[in-house]
Amino acid sequence: MVGQETYNYNKIFLRFPEKATEQSFRIFSFSYDRQAFQVMAIAAIVVNLVLVLSDYSKIGQWEGPLLMRGCLSVILFGGYLLSKQFKPEQHRGFQEALLLIDFIFIYSYFIGMSLIPYHAYTFPNSVISVVFFVVTMGGLRFLNAMIFLAAIEISYFIFVYVISPNDFWMSQSVAILVNGALSMAVAYLIERARRNIFIKNQIVYQQKEELETADALKNKLFSILSHDLRGPLNKLIAMVDMSRKEHITAEEFKVHTARLEGEMRNTASFMENMLYWSKSLMQGFEVRQKKVDIKELLDHNIMAFADAIAAKNIHLSIDVRENTAILADEEMLSISLRNILSNAIKFTPKGGTISAGQRVGDDYVELFITDNGIGIDEEKQKDLFSIKNISTPGTEGEKGTGLGLYLIREFTEKNGGQIAVESKPGKGSTFSLRFPKNGFAVL
């Protein structure tokens, strides 16, 4: 189960250390940010237009207030329309656009108040209310809000002490500082609460996925136990009974046992997978990594399929360097190799080829197995490594459970690796297991 500790974030700058998690949060938060800005924009437009009446009642004219507040309303409405054009994956550009619109909006107040001579009651109060409104409700991320507030505070003091000194504006300096601090505190609390909501949603989502996977696994296991395992065992019992009663000849018995051998081999492979899987679950999936010789382990597992390879007259090519190792749990890696080899044999026609090799990059080592079999279509590849995967009969009608690739993915990831597939229908498939290079050594 996933715990909240998985999503620990910096409590000062409010950022997740992992880029992927931070990216997911920004996409999650995008709709909230946009909605907050749109609500703020409409509310500020209404407030600005109402204040025209207030200004008129105090100074006896409406042309100046209407011009200034009308321009501010146009800026906000333009921002409102622009915000509708952004998509969640454009969250970074959206934040930059908001920051620009908010700066234009606030600095328009500075310009307007320097041109219209009724400073004593309007400008400081406007800055206080608008800054608070923009930072706490305007959709800015916390770090952008800090940038915005710092710029506004500095601009305000330059304006009232240097550009257009005014005793009343200066008297409002403490109020501006307090407002800025209050705005930052509210912005911090809003974003922290939103990050906590995101974490809870992620945990619930992952727990739901885990429960669905466990339920699907349970259903699949019962289906296999009730059908796929019972079938071959019943056939074996029937054949032994018929032979004992001499209802079939020795030649007929030989033909039937040849057909049954493949089914029993698949059954044994499945039982081996499930026994190890069950043991791992009961013991908490302890991964016991050590240096494992790649070629030695591969050769050992190929020998287990010697009869199946010979029966299909498959040409085998191994190009794996001797005396090299990866850091992995040997049993998990062995089961993974057996499943990949089993699938390669299963889907390769008689007279086909299977090859194994390795690639070493700057930061990884990769073991791959390629066949020229029937291949996998693109749609099926989407669920290939999940519990949803449905087994496809092999070239000779060989059956499977569909669990092998799911287990391979689990075991590979437990060892810090990745599994990948490249395949085209009719062209064959390449399965690769990639591990970090710090787990690669020469023996």
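Residues: numbered from 1 along the sequence shown. For clarity, every value in this text was computed on a predicted model and none was experimentally measured. As a basis for the values below, the full set of heavy atoms in this structure was taken, side chains included, without hydrogen atoms, waters or symmetry mates.
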task: Ignoring hydrogens and angles, state whether a donor on the side chain of Ser334 or Asn301 is under 3.5 Å from an acceptor on the partner side chain.
output: yes
query: Can you tell me if Ser29 and Arg141 form a side-chain donor-acceptor pair at under 3.5 Å?
result: yes
- prompt: Going by atom types alone, do Gln95 and Asn144 pair a side-chain donor with an acceptor below 3.5 Å?
  reply: yes
message: Could you measure the distance from the CD atom of Glu153 to the CG atom of Asn179? Nearest 0.5 Å is fine.
response: 7.5 Å
Intermediate values then yes/no, ring pair (Phe, Tyr, Trp, His ring centres under 6.0 Å), Phe13 and Tyr188: CA-CA 9 Å; Phe13 297 106; Tyr188 176 87; over 10 Å; no
task: State plainly whether the residues Glu22 and Arg26 are in salt-bridge range, i.e. N to O under 4.0 Å.
output: yes
task: Output the distance between atom OH (Tyr205) and atom NZ (Lys208), rounded to the nearest 0.5 Å.
output: 8.0 Å
message: Is it true that, when you exclude Gln418 itself, more than 12 heavy atoms of the residues, nucleotides or ligands shown sit nearer than 6.0 Å to its CD?
response: no
- request: Find the distance between CG (Leu82) and CG (Leu100) and round it off to the nearest 0.5 Å.
  value: 9.0 Å
- prompt: Going by atom types alone, do Asn196 and Tyr9 pair a side-chain donor with an acceptor below 3.5 Å?
  reply: yes
- prompt: In this structure, are over 12 heavy atoms from other groups packed under 6.0 Å from Asn10 atom CG?
  reply: yes
query: CD of Glu296: more than 12 outside heavy atoms within 6.0 angstrom?
result: no
task: Give a yes or no on this: more than 12 heavy atoms of other residues, nucleotides or ligands lie within 6.0 Å of atom NZ of Lys350.
output: no
Within 6.0 Å of NZ in Lys380, more than 12 heavy atoms from elsewhere: yes
field: Distance-only donor-acceptor check, side chains Ser342 and Arg338, under 3.5 Å
entry: no
task: Measure the CG-CD1 distance between Leu433 and Ile408 for me, rounded to the nearest 0.5 Å.
output: 7.0 Å
task: Establish, from distance only, whether the side-chain atoms of Thr430 and Thr370 form a donor-acceptor pair under 3.5 Å.
output: yes
Donor + acceptor pair across side chains of Lys312, Thr395 (<3.5 Å): yes
